[in-house]
Asks: 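Below is the structure I would like to discuss, written out as C-alpha coordinates.
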Amino acid sequence: MAFEDLTFEVAAGEVLCVIGPSGCGKTTLLRVLDGLLPADAGEVLIDGRRVTGPSTDIAMVFQHFGLFPWKRLDQNIGYGLKLRGRPRAEIDRAVGHYARLVGLEGFERLYPYQLSGGMQQRAGLARALAVNPSVLLMDEPFGALDAQTRETLQEELLAILEREPKTMVFVTHSVDEAIGLGDRILLLGSRPGRVREILTVDIPRPRDLAALRADDRAIKLRLHIAAELRREAEARRAERV
(Lines give C-alpha, C1' and ligand atoms only; values in the text may rest on other atoms or scores of the structure.)
Protein backbone atom coordinates (compact mmCIF):
# COMPACT_ATOMS: atom_id res chain seq x y z
CA MET A 1 0.00 0.00 0.00
CA ALA A 2 1.53 3.30 -1.12
CA PHE A 3 -0.80 5.66 0.80
CA GLU A 4 -2.93 5.68 3.90
CA ASP A 5 -5.73 8.20 4.57
CA LEU A 6 -4.17 10.62 2.08
CA THR A 7 -6.60 13.50 1.58
CA PHE A 8 -5.85 17.07 0.54
CA GLU A 9 -7.10 19.86 -1.72
CA VAL A 10 -5.29 22.29 -4.01
CA ALA A 11 -6.90 25.65 -4.72
CA ALA A 12 -7.00 27.11 -8.23
CA GLY A 13 -3.78 29.00 -8.90
CA GLU A 14 -2.07 27.56 -5.83
CA VAL A 15 1.42 26.05 -5.68
CA LEU A 16 1.40 23.07 -3.31
CA CYS A 17 4.87 21.70 -2.60
CA VAL A 18 5.12 18.08 -1.44
CA ILE A 19 8.03 16.98 0.69
CA GLY A 20 8.72 13.83 2.70
CA PRO A 21 11.17 10.97 3.28
CA SER A 22 12.50 8.92 0.37
CA GLY A 23 10.11 6.14 -0.53
CA CYS A 24 7.00 7.78 0.94
CA GLY A 25 5.25 7.79 -2.44
CA LYS A 26 5.75 11.33 -3.75
CA THR A 27 6.29 10.30 -7.38
CA THR A 28 3.55 7.69 -7.14
CA LEU A 29 1.23 10.43 -5.90
CA LEU A 30 1.93 12.54 -8.99
CA ARG A 31 1.34 9.57 -11.28
CA VAL A 32 -2.03 8.95 -9.64
CA LEU A 33 -2.93 12.64 -9.97
CA ASP A 34 -1.91 12.51 -13.64
CA GLY A 35 -4.07 9.45 -14.28
CA LEU A 36 -1.05 7.32 -15.19
CA LEU A 37 -1.66 4.98 -12.24
CA PRO A 38 -5.13 3.93 -11.07
CA ALA A 39 -5.92 4.41 -7.40
CA ASP A 40 -6.95 1.23 -5.55
CA ALA A 41 -9.33 3.30 -3.45
CA GLY A 42 -10.52 6.88 -3.31
CA GLU A 43 -10.58 9.32 -6.19
CA VAL A 44 -8.89 12.34 -7.74
CA LEU A 45 -11.14 15.23 -8.73
CA ILE A 46 -10.31 18.27 -10.86
CA ASP A 47 -13.05 20.90 -10.88
CA GLY A 48 -15.42 18.18 -9.69
CA ARG A 49 -14.52 15.79 -12.53
CA ARG A 50 -13.01 12.43 -11.66
CA VAL A 51 -9.60 11.63 -13.13
CA THR A 52 -9.75 8.18 -14.73
CA GLY A 53 -6.73 8.40 -17.05
CA PRO A 54 -4.31 10.86 -18.64
CA SER A 55 -6.01 14.15 -19.39
CA THR A 56 -5.28 17.18 -21.54
CA ASP A 57 -6.00 19.28 -18.43
CA ILE A 58 -2.89 17.94 -16.69
CA ALA A 59 0.78 18.13 -17.67
CA MET A 60 3.84 16.74 -15.90
CA VAL A 61 7.46 17.83 -15.86
CA PHE A 62 9.86 15.03 -14.95
CA GLN A 63 13.20 15.14 -13.17
CA HIS A 64 15.12 13.77 -16.15
CA PHE A 65 13.77 16.10 -18.82
CA GLY A 66 11.90 13.48 -20.90
CA LEU A 67 12.82 15.11 -24.22
CA PHE A 68 12.88 13.16 -27.46
CA PRO A 69 16.56 13.12 -28.51
CA TRP A 70 15.71 12.80 -32.22
CA LYS A 71 13.51 15.90 -32.22
CA ARG A 72 14.65 19.52 -32.31
CA LEU A 73 13.82 21.83 -29.42
CA ASP A 74 10.88 23.40 -31.27
CA GLN A 75 9.50 19.95 -32.08
CA ASN A 76 9.80 18.88 -28.43
CA ILE A 77 8.04 22.00 -27.16
CA GLY A 78 5.24 21.66 -29.69
CA TYR A 79 4.83 17.89 -29.32
CA GLY A 80 1.77 17.99 -27.04
CA LEU A 81 -0.03 20.45 -29.28
CA LYS A 82 0.77 18.31 -32.33
CA LEU A 83 -0.76 15.28 -30.59
CA ARG A 84 -3.89 17.34 -30.01
CA GLY A 85 -4.11 18.07 -33.74
CA ARG A 86 -3.64 21.80 -33.39
CA PRO A 87 -2.98 23.83 -36.58
CA ARG A 88 0.64 24.42 -37.58
CA ALA A 89 0.33 28.18 -37.14
CA GLU A 90 -0.98 27.78 -33.58
CA ILE A 91 1.85 25.38 -32.71
CA ASP A 92 4.45 27.77 -34.10
CA ARG A 93 3.02 30.68 -32.09
CA ALA A 94 2.96 28.65 -28.89
CA VAL A 95 6.50 27.34 -29.42
CA GLY A 96 7.81 30.86 -30.00
CA HIS A 97 5.98 32.24 -26.97
CA TYR A 98 7.08 29.57 -24.52
CA ALA A 99 10.64 29.39 -25.85
CA ARG A 100 10.88 33.12 -25.05
CA LEU A 101 9.15 32.66 -21.70
CA VAL A 102 11.70 30.09 -20.47
CA GLY A 103 14.73 31.81 -22.02
CA LEU A 104 15.31 29.49 -24.99
CA GLU A 105 14.64 31.89 -27.84
CA GLY A 106 17.23 31.35 -30.58
CA PHE A 107 17.84 27.70 -29.66
CA GLU A 108 14.72 26.26 -31.31
CA ARG A 109 16.59 24.42 -34.09
CA LEU A 110 18.99 22.62 -31.74
CA TYR A 111 18.68 19.02 -30.56
CA PRO A 112 18.65 18.05 -26.86
CA TYR A 113 22.26 16.79 -26.91
CA GLN A 114 23.33 20.30 -27.90
CA LEU A 115 21.71 21.83 -24.80
CA SER A 116 22.89 22.02 -21.20
CA GLY A 117 20.95 20.23 -18.46
CA GLY A 118 19.34 23.48 -17.38
CA MET A 119 18.28 24.28 -20.94
CA GLN A 120 16.81 20.80 -21.34
CA GLN A 121 14.78 21.27 -18.19
CA ARG A 122 13.56 24.64 -19.45
CA ALA A 123 12.47 22.84 -22.62
CA GLY A 124 10.53 20.28 -20.56
CA LEU A 125 8.79 23.10 -18.72
CA ALA A 126 7.99 24.92 -21.99
CA ARG A 127 6.50 21.72 -23.46
CA ALA A 128 4.24 21.33 -20.43
CA LEU A 129 3.16 24.98 -20.43
CA ALA A 130 2.50 25.02 -24.18
CA VAL A 131 -0.58 22.80 -23.84
CA ASN A 132 -2.04 25.28 -21.30
CA PRO A 133 -2.91 22.68 -18.64
CA SER A 134 -5.24 23.38 -15.73
CA VAL A 135 -2.84 21.53 -13.43
CA LEU A 136 0.95 21.33 -13.69
CA LEU A 137 2.68 18.44 -11.90
CA MET A 138 6.41 18.80 -11.17
CA ASP A 139 8.40 15.72 -10.14
CA GLU A 140 11.62 17.13 -8.65
CA PRO A 141 12.27 18.94 -11.93
CA PHE A 142 15.44 20.66 -10.71
CA GLY A 143 16.80 17.81 -8.57
CA ALA A 144 19.44 16.65 -11.07
CA LEU A 145 20.88 20.12 -11.66
CA ASP A 146 23.81 21.86 -10.00
CA ALA A 147 23.00 24.30 -7.19
CA GLN A 148 23.53 27.47 -9.24
CA THR A 149 21.40 26.30 -12.17
CA ARG A 150 18.76 25.03 -9.79
CA GLU A 151 18.40 28.40 -8.08
CA THR A 152 18.30 30.19 -11.42
CA LEU A 153 15.46 27.97 -12.63
CA GLN A 154 13.59 28.39 -9.35
CA GLU A 155 13.73 32.16 -9.82
CA GLU A 156 12.63 31.83 -13.45
CA LEU A 157 9.73 29.57 -12.45
CA LEU A 158 8.60 32.15 -9.89
CA ALA A 159 8.70 34.82 -12.60
CA ILE A 160 6.71 32.62 -15.01
CA LEU A 161 4.06 32.00 -12.36
CA GLU A 162 3.73 35.74 -11.81
CA ARG A 163 2.99 36.21 -15.52
CA GLU A 164 0.97 33.03 -16.13
CA PRO A 165 -0.39 31.61 -12.85
CA LYS A 166 -0.92 27.85 -12.73
CA THR A 167 -2.29 25.35 -10.27
CA MET A 168 0.80 23.33 -9.43
CA VAL A 169 1.78 20.32 -7.34
CA PHE A 170 5.57 20.40 -6.95
CA VAL A 171 7.44 17.44 -5.45
CA THR A 172 10.84 18.20 -3.96
CA HIS A 173 13.41 16.90 -1.47
CA SER A 174 14.60 20.45 -0.76
CA VAL A 175 13.05 22.27 2.20
CA ASP A 176 14.33 25.61 0.90
CA GLU A 177 12.82 24.94 -2.54
CA ALA A 178 9.45 24.11 -0.99
CA ILE A 179 9.47 27.31 1.07
CA GLY A 180 10.63 29.44 -1.86
CA LEU A 181 8.07 28.17 -4.37
CA GLY A 182 5.07 27.00 -2.38
CA ASP A 183 1.93 28.69 -1.12
CA ARG A 184 1.50 25.65 1.12
CA ILE A 185 3.69 22.63 1.91
CA LEU A 186 2.29 19.12 2.22
CA LEU A 187 4.52 17.14 4.56
CA LEU A 188 4.19 13.39 3.99
CA GLY A 189 5.07 10.66 6.46
CA SER A 190 6.95 7.46 5.67
CA ARG A 191 5.43 4.70 3.58
CA PRO A 192 2.57 4.23 3.48
CA GLY A 193 2.45 7.93 2.62
CA ARG A 194 0.10 9.94 4.79
CA VAL A 195 -0.40 13.59 5.58
CA ARG A 196 1.63 14.56 8.62
CA GLU A 197 0.98 18.26 8.26
CA ILE A 198 0.01 20.96 5.77
CA LEU A 199 1.89 24.21 6.35
CA THR A 200 1.07 27.65 4.99
CA VAL A 201 3.99 29.65 3.61
CA ASP A 202 2.94 33.06 4.90
CA ILE A 203 5.45 35.00 2.80
CA PRO A 204 4.06 37.38 0.17
CA ARG A 205 4.91 37.19 -3.51
CA PRO A 206 6.93 38.14 -5.45
CA ARG A 207 9.70 36.44 -3.47
CA ASP A 208 13.44 36.98 -3.42
CA LEU A 209 14.95 33.52 -2.91
CA ALA A 210 18.26 34.88 -1.67
CA ALA A 211 16.52 37.13 0.88
CA LEU A 212 14.42 34.19 2.10
CA ARG A 213 17.49 32.58 3.65
CA ALA A 214 17.50 35.32 6.30
CA ASP A 215 13.73 35.76 6.58
CA ASP A 216 12.51 34.89 10.09
CA ARG A 217 9.33 33.28 8.73
CA ALA A 218 11.31 31.07 6.36
CA ILE A 219 13.82 30.14 9.06
CA LYS A 220 11.00 29.11 11.41
CA LEU A 221 9.40 26.97 8.70
CA ARG A 222 12.74 25.44 7.74
CA LEU A 223 13.54 24.43 11.32
CA HIS A 224 10.05 23.01 11.85
CA ILE A 225 10.08 20.89 8.68
CA ALA A 226 13.62 19.66 9.36
CA ALA A 227 12.61 18.62 12.86
CA GLU A 228 9.55 16.75 11.56
CA LEU A 229 11.61 14.93 8.93
CA ARG A 230 14.20 14.04 11.56
CA ARG A 231 11.52 12.64 13.87
CA GLU A 232 10.13 10.60 11.00
CA ALA A 233 13.58 9.18 10.21
CA GLU A 234 14.20 8.33 13.87
CA ALA A 235 10.86 6.53 14.07
CA ARG A 236 11.73 4.46 11.00
CA ARG A 237 15.11 3.51 12.47
CA ALA A 238 13.43 2.48 15.73
CA GLU A 239 11.06 0.20 13.81
CA ARG A 240 14.00 -1.59 12.19
CA VAL A 241 15.78 -2.29 15.49
Asks: Taking the side chain as everything from C-beta on, heavy atoms only, tell me whether Leu104 gets closer than 4.5 Å to Met119.
Replies: yes
Asks: Could you tell me whether the side chain of Leu186 reaches within less than 4.5 Å of the side chain of Ile19, counting heavy atoms only?
Replies: no
Asks: Output yes when Arg205 and Glu162 qualify as a salt bridge under the 4.0 Å nitrogen-oxygen rule, no when they do not.
Replies: no
Asks: Looking only at non-hydrogen atoms, find the nearest pair between Val195 and Thr7 and report the distance.
Replies: CG2-O, 3.8 Å
Asks: Indicate yes or no: does Asp92 engage Arg88 in a salt bridge with an N to O separation below 4.0 Å.
Replies: yes
Asks: Run the salt-bridge test on Glu232 and Arg196 with the 4.0 Å N-O cut-off and return the result as yes or no.
Replies: yes
Asks: Could you tell me whether the side chain of Leu136 reaches within less than 4.5 Å of the side chain of Thr167, counting heavy atoms only?
Replies: no
Asks: If you count every heavy atom of other residues, nucleotides or ligands that lies below 6.0 Å from Gln148 atom CD, does the total exceed 12?
Replies: no
Asks: Answer whether the closest heavy-atom distance between the side chains of Leu161 and Met168 falls below 4.5 Å.
Replies: yes
Asks: Does a salt bridge link Asp176 with Arg222, judged by any charged N lying under 4.0 Å from a carboxylate O?
Replies: yes
Asks: Would you name the heavy atoms of Val61 and Pro141 that are closest together and state the gap between them?
Replies: CG1-CB, 3.9 Å
Asks: Is there side-chain contact between Leu125 and Tyr98, with at least one heavy-atom pair below 4.5 Å?
Replies: no
Asks: Taking only Lys NZ, Arg NE, NH1 and NH2, and the carboxylate oxygens of Asp or Glu, determine whether Asp57 and Arg49 approach each other closer than 4.0 Å.
Replies: yes
Asks: As an exercise, state the distance from CD of Gln154 to CZ of Arg150, rounded to the nearest 0.5 Å.
Replies: 6.0 Å
Asks: Measure the shortest side-chain to side-chain distance between Lys26 and His173 over non-hydrogen atoms and say whether it is less than 4.5 angstrom.
Replies: yes
Asks: So do Leu33 and Val135 actually touch side chain to side chain, heavy atoms under 4.5 Å?
Replies: no
Asks: Is the closest side-chain heavy-atom distance between Arg109 and Asp74 below 4.5 Å?
Replies: yes
Asks: Looking at every heavy atom in both Arg184 and Glu9, which two are closest together, and how far apart are they?
Replies: NH2-O, 2.5 Å
Asks: Name the one of Asp139, Val169, Thr172, Thr27 that satisfies side chain to side chain contact (heavy atoms under 4.5 Å, CB included) with Val18?
Replies: Val169
Asks: To the nearest 0.5 Å, how far apart are CG in Leu129 and CZ in Arg122?
Replies: 13.0 Å
Asks: To the closest 0.5 Å, what do you measure between CD (Glu177) and CZ (Phe170)?
Replies: 4.0 Å
Asks: Testing the basics here: between Leu158 and Arg207, what is the closest heavy-atom pair and its distance to 0.1 Å?
Replies: CD1-O, 4.1 Å
Asks: Working to the nearest 0.5 Å, report the span between CG of Leu29 and CZ of Phe8.
Replies: 4.5 Å
Asks: Rounded to the nearest 0.5 Å, how far apart are CG of Asp216 and CG of Leu212?
Replies: 11.5 Å
Asks: Less than 4.0 Å between a side-chain N and a carboxylate O, is that true for Arg93 and Glu90?
Replies: no
Asks: Does the side chain to side chain donor-acceptor pair (under 3.5 Å) test come out yes or no for Glu105 and His97, once each step is laid out?
Replies: CA-CA 9 Å; Glu105 188 175 17; His97 172 70; over 6 Å; no
Asks: Give me the ring orientation class for Trp70 and Phe68: parallel if the planes are under 30° apart, tilted from 30 to 60°, perpendicular past 60°.
Replies: tilted
Asks: Distance check, rounded to the nearest 0.5 Å: Leu153 atom CG versus Gln121 atom CD?
Replies: 7.0 Å
